[in-house]
Engineer: 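I'd like to ask some things about the structure below.
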Protein chains: 2
Amino acid sequence: MTNIRKVAELAGVSVATVSRTLKSPDIVSPRTRDKVLKAVREAGYKPNLMAVQFRSRRTRNLVVLVPTIANTFFARVISGIQEAAQQQGYSVLLCNTLGREESEATYAKMVTTRQADGVIQLRAYNPFPADAFAPDTPLPMVNACEVLDEAPCSSVKLDNRAAARAITEHLIGLGHRRIGMIKGPRRSPLTRDRVAGYCDALEAAGIALDESLLCPGKFTPHSGYEAAGMLVARDDRPSAIFCESDEMAIGAIQRIKQEGLRVPDDISVAGFDDIAFASFSDPPLTTIAQPAEAFGREAVAMLIEVLEGREEGAKQRILPYELVIRGSTAVKR
Amino acid sequence: MTNIRKVAELAGVSVATVSRTLKSPDIVSPRTRDKVLKAVREAGYKPNLMAVQFRSRRTRNLVVLVPTIANTFFARVISGIQEAAQQQGYSVLLCNTLGREESEATYAKMVTTRQADGVIQLRAYNPFPADAFAPDTPLPMVNACEVLDEAPCSSVKLDNRAAARAITEHLIGLGHRRIGMIKGPRRSPLTRDRVAGYCDALEAAGIALDESLLCPGKFTPHSGYEAAGMLVARDDRPSAIFCESDEMAIGAIQRIKQEGLRVPDDISVAGFDDIAFASFSDPPLTTIAQPAEAFGREAVAMLIEVLEGREEGAKQRILPYELVIRGSTAVKR
DNA sequence: TGTCATGATGTAACCGGTTACATTTCAGGT
DNA sequence: ACCTGAAATGTAACCGGTTACATCATGACA
């Protein structure tokens with residue numbers, strides 16, 4: 001493998017001069033510069049980045065922890081991360097944790113073992129048991145999408161409470177009074193915020209909360225299908241259902257149709273995320289659009305700020321949502 | 001940062017002994033081992049992997065080039081890659097090329113600059129202009145899903161021709177004689193094979209090929225929507241449409257319904273891939289199931305074989321498909 | 001007691017860049 | 001010609017592990 005010493009020899013200069021020619025060409029004389037560049041070309045020299053990283057103690061790698069890349073919303077966030085990272089000269093090490101804690105721990109270690117400079121988490125778990133780190137070396141990390149209250153790091157998210165309230169108010173505005181909700185797993189902060197927004201809307205409209213109308217799901221179409229089955233089977237079934245993700249909404253719509261009911265004529269269904277398939281479901285989904293790619297880009301920007309030492313305290317950034325009204329919700333009748 | 005020298009000092013031994021204790025504990029005496037391990041714990045020592053990689057000249061990183069991670073099929077393949085890589089102690093550097101050649105070139109460079117040991121490509125482009133590499137250092141690469149004929153590297157794929165033939169024959173078996181096809185971009189080898197399989201089926205059934213029934217799409221729901229519009233607007237419209245991806249099929253179904261026709265009563269629609277949403281579309285999609293995660297796992301296994309020098313020649317591996325019949329196809333009437 | 005094999009440990013070179021510091025070169029002023 | 005300072009270049013230490021080789025300790029055996 002051609003290394004800097006070979007190039008130096010070929011050009012008849014020292015390794016330092018070669019290094020300088022490539023890193024700051026303006027401080028070497030034009031004559032030498034030409035000699036060196038010629039030698040670089042001749043030798044087909046490419047600097048060994050492992051050596052550079054080792055010396056500079058920075059890998060310019062970012063670890064991204066994602067529960068499932070198969071979730072289309074996360075996929076969009078990762079696209080944004082990838083794009084911004086590449087622009088700034090960073091690479092993305094992807095880790096599909098599948099919720100397994102040992103996976104998360106493995107990847108968390110990549111920072112302590114210097115395989116990566118920082119971490120972006122798309123789920124708000126704390127993969128870092130407190131005792132795993134020396135207190136004097138805080139882990140450069142940002143949370144995207146979901147945020148733990150106690151997380152001591154920067155984060156970027158939606159105002160989930162306001163968004164959930166907005167879409168619930170949309171349903172109330174259509175005349176619905178019994179509104180079911182298919183929510184996410186209990187311990188998710190996302191779910192907590194969205195349930196709170198849903199409650200806000202009911203309360204503002206003077207509708208009493210019926211806890212039995214809240215069904216947990218798992219953010220998959222199948223879990224939406226199952227949950228909708230439970231809601232629809234009731235005698236006092238709701239006339240509208242707010243799902244915490246489009247994937248669950250699509251599952252719910254299928255179940256509702258299978259039970260012989262129509263959407264939105266008999267039951268209105270609203271989703272959350274505005275994934276690509278949302279406008280291709282039948283009927284097209286009313287939902288909350290999230291700027292998924294922007295989450296990714298923002299998260300990278302914040303992490304790099306931390307890494308380059310420009311930023312100390314934890315910052316929060318809230319991105320705007322948009323209520324997208326399509327055909328799956330209609331006036332109650 | 002605590003390094004191996006600090007640990008050695010703490011334990012009162014040499015750095016070599018520390019290194020040996022951690023790498024091959026059996027060749028140090030139990031007494032020393034205990035001393036060293038105690039020092040490691042006390043110092044909270046984690047080996048700096050950058051140094052290890054630098055020394056061993058291996059990063060244990062794999063670059064994955066993917067056109068769009070937003071495509072759910074690719075997302076599944078990546079899941080498989082990720083899982084297998086992690087199991088074997090490798091990490092995944094994700095590159096969303098978005099079809100941009102400069103992106104592909106950037107990531108291809110990661111191998112020559114020693115940021116990664118090898119490449120897995122999910123699209124069969126050749127991101128490596130011939131002159132970019134010294135002929136004596138072939139690039140460790142495998143193709144997954146899509147394969148260029150001239151590619152000099154191992155690959156894992158489906159027998160696309162046979163699969164396309166199988167699903168076309170399913171349609172013919174239902175009595176359809178005019179069968180449209182929404183295919184992918186012209187230059188894709190995938191499309192070429194699948195079109196060939198479609199033609200095989202027609203020929204075997206004695207149906208003349210009508211080239212005008214082949215519409216190009218872009219593997220997105222929207223492009224399926226557009227292409228279906230063209231097919232359905234014809235006076236002699238087909239009674240069945242085979243789409244080269246489920247995403248296009250879902251778009252096509254929406255368009256067909258919007259035009260006032262029913263699926264499958266008026267037009268049968270078949271897809272390809274069996275993505276998660278395939279069984280949640282209305283009607284549920286008849287399609288070809290691909291073992292997407294297995295593609296990823298196989299690709300990793302093949303690449304590691306190349307990397308560890310066990311394998312020289314290019315191998316091809318063909319994984320099985322499965323025809324999944326759901327409600328979007330029916331007997332012609 | 002001396003010799004030798006064996007196992008345990010230490011010493012230092014090495015991977016391939018970067019960069020602080022030393023040295024050389026050279027232009028400009030007297 | 002001589003001095004001075006800036007610019008250009010060279011020398012070598014350094015990053016943090018691994019490992020070939022050297023050294024040392026121990027015990028068996030003649």
Side-chain angles (χ1 to χ4, degrees), chain A residues 1-40 43-61 89 109-117 137, chain B residues 1-40 43-61 89 109-117 137:
Chain A
M1 204 38 163
T2 74
N3 58 21
I4 200 171
R5 271 159 251 273
K6 289 237 186 65
V7 175
E9 200 179 337
L10 200 58
V13 299
S14 73
V15 291
T17 301
V18 177
S19 179
R20 280 189 285 253
T21 305
L22 296 173
K23 289 206 43 162
S24 26
D26 41 315
I27 65 167
V28 305
S29 75
R31 269 176 52 86
T32 341
R33 196 187 316 156
D34 292 347
K35 269 195 303 187
V36 171
L37 292 179
K38 181 157 163 288
V40 165
Y45 171 68
K46 305 261 185 238
N48 180 330
L49 286 189
M50 279 161 78
V52 176
Q53 294 173 353
F54 171 47
R55 188 69 233 270
S56 67
R57 289 132 157 235
R58 297 196 39 197
T59 58
R60 299 186 79 85
N61 288 337
K109 263 190 223 137
M110 299 182 77
V111 175
T112 58
T113 59
R114 310 279 155 171
Q115 280 186 91
D117 299 340
T137 54
Chain B
M1 204 40 166
T2 75
N3 56 23
I4 200 171
R5 272 158 250 274
K6 290 238 186 63
V7 176
E9 201 180 337
L10 201 58
V13 299
S14 72
V15 292
T17 301
V18 177
S19 179
R20 281 189 285 254
T21 305
L22 297 174
K23 289 207 42 164
S24 27
D26 40 316
I27 65 166
V28 305
S29 74
R31 270 177 50 89
T32 338
R33 196 188 314 156
D34 291 348
K35 269 196 302 186
V36 170
L37 292 178
K38 182 157 163 287
V40 165
Y45 171 68
K46 306 262 185 235
N48 180 331
L49 286 191
M50 279 160 77
V52 176
Q53 293 173 354
F54 171 48
R55 186 70 230 271
S56 67
R57 289 128 160 241
R58 297 195 40 195
T59 58
R60 299 186 78 84
N61 288 337
K109 264 190 224 138
M110 299 183 77
V111 175
T112 59
T113 59
R114 310 279 154 170
Q115 280 186 91
D117 299 340
T137 54

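Protein chains get the first letters and strands the later ones, always in sequence-line order, with residue 1 at the start of each. Reckoned from all heavy atoms, side chains included, excluding hydrogens, waters and symmetry mates.
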Engineer: Looking only at atom types and distance, does a side-chain atom of B:D117 sit under 3.5 Å from a main-chain N or O of B:R58, one as donor and one as acceptor?
Structural biologist: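 It does not hold such a pair.
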Engineer: What's A:R57 touching, base or sugar-phosphate or nothing? Going by heavy atoms closer than 4.0 Å.
Structural biologist: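 If one applies the 4.0 Å heavy-atom cut-off, A:R57 turns out to touch the sugar-phosphate alone, with no base involved.
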Engineer: Could you check how far CZ of B:R31 sits from C1' of C:dT9, rounded to whole Å?
Structural biologist: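 One finds 13 Å between C1' of C:dT9 and CZ of B:R31, rounded.
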Engineer: Taking the side chain of B:A16 as heavy atoms from C-beta outward, which of C:dA12, C:dT18, C:dG16 is closest to it?
Structural biologist: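 From the listed options, C:dA12 comes nearest.
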Engineer: Mapping B:N3 and A:T17 to their closest nucleotides on DNA chain D, which lands nearer the 5' end?
Structural biologist: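 Counting from the 5' end, the first nearest nucleotide belongs to A:T17.
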Engineer: Could you tell me whether the side chain of B:T17 and the main chain of B:V13 form a donor-acceptor pair under 3.5 Å?
Structural biologist: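 Looks like no, no N/O pair under 3.5 Å.
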Engineer: Could you pick out which residue, A:V15 or A:I27, lies toward the 5' side of DNA chain D when each is mapped onto its nearest nucleotide?
Structural biologist: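 Looking at DNA chain D, the more 5' nearest nucleotide goes with A:I27.
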Engineer: Among the candidates C:dC15, C:dG17, C:dG10, find the nucleotide nearest to the side-chain atoms of B:R20.
Structural biologist: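 Nucleotide nearest to B:R20's side chain: C:dG10.
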Engineer: Once you round it to whole Å, what is the distance between C1' of C:dG17 and CG of A:L22?
Structural biologist: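 Going from A:L22 (CG) to C:dG17 (C1'), I get 11 Å.
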Engineer: Looking at C:dG10, D:dG17, C:dG17, which one has an atom nearest to any side-chain atom of B:V13?
Structural biologist: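 Nearest to the side-chain atoms of B:V13, counting from C-beta on, is C:dG10.
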Engineer: Looking at D:dT19, D:dG16, C:dG17, which one has an atom nearest to any side-chain atom of B:S19?
Structural biologist: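 Nearest to the side-chain atoms of B:S19, counting from C-beta on, is D:dT19.
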Engineer: Is any side-chain N or O of B:K23 closer than 4.0 Å to OP1 or OP2 of D:dG17?
Structural biologist: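 No, because none of the side-chain N or O atoms of B:K23 sits under 4.0 Å from OP1 or OP2 of D:dG17.
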Engineer: Between A:M50 (CE) and D:dG16 (C1'), how many Å, whole number?
Structural biologist: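 Atom CE in A:M50 sits about 13 Å away from atom C1' in D:dG16.
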Engineer: Side chain of B:D34, backbone of B:L37: donor and acceptor closer than 3.5 Å?
Structural biologist: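 Answer holds: no.
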Engineer: Determine the minimum heavy-atom distance between B:V36 and B:A11, stating which atoms define it.
Structural biologist: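 Minimum heavy-atom separation between B:V36 and B:A11: CA-CB, 4.0 Å.
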Engineer: Looking at every non-hydrogen atom in both residues, tell me the closest pair between B:T2 and B:G44 and how far apart they are.
Structural biologist: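 Looking at all heavy atoms of both residues, the closest pair is OG1-O, 4.1 Å.
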Engineer: Checking all strands, does B:T32 fall into the base, sugar-phosphate, or nothing category for heavy-atom contacts under 4.0 angstrom?
Structural biologist: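 It contacts sugar-phosphate atoms only.
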Engineer: A:D34 CG to D:dA8 C1': how many Å, rounded?
Structural biologist: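 A:D34 atom CG is separated from D:dA8 atom C1' by 15 Å.
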Engineer: Determine: side-chain N/O of B:K6 to OP1/OP2 of D:dG16, distance under 4.0 Å, yes or no.
Structural biologist: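 It does not, given that no N or O in the side chain of B:K6 lies less than 4.0 Å from OP1 or OP2 of D:dG16.
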Engineer: On the side chain of B:R55, is there an atom forming a donor-acceptor pair with the base of D:dG16 - under 3.5 Å, no angle test?
Structural biologist: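 Side chain to base: no pair present.
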Engineer: Is B:V18 touching bases, backbone alone, or none of the nucleic acid, heavy atoms closer than 4.0 Å?
Structural biologist: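 The answer is nothing, as B:V18 stays clear of every strand by at least 4.0 Å.
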Engineer: Take atom CZ of B:R5 and atom P of D:dC14, then tell me their distance rounded to the nearest Å.
Structural biologist: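 For the pair B:R5 CZ and D:dC14 P, the rounded distance is 11 Å.
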Engineer: What's the closest nucleotide to the A:S29 side chain, out of D:dT19, C:dG17, D:dT9?
Structural biologist: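 The closest nucleotide is D:dT9.
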Engineer: Could you state the atom-to-atom distance from CD of A:Q53 to P of D:dC14 in whole Å?
Structural biologist: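 After rounding, the gap between these two atoms is 23 Å.
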Engineer: Rounded to the nearest angstrom, tell me the gap between atom CZ in A:R58 and atom P in C:dG17.
Structural biologist: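 Rounded to whole Å, this separation is 19 Å.
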Engineer: Send over the distance from B:N48 CG to D:dC15 C1', rounded to a whole Å.
Structural biologist: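 Those two atoms, CG and C1', are 8 Å apart.
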Engineer: Would you name the heavy atoms of B:R33 and B:V28 that are closest together and state the gap between them?
Structural biologist: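 So the two residues come closest at NH2-O, 3.3 Å.
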Engineer: Output the single nucleotide from D:dG16, D:dT18, C:dT19 whose closest atom is nearest the side chain of A:F54.
Structural biologist: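 Looking only at side-chain atoms, A:F54 lies closest to D:dG16.
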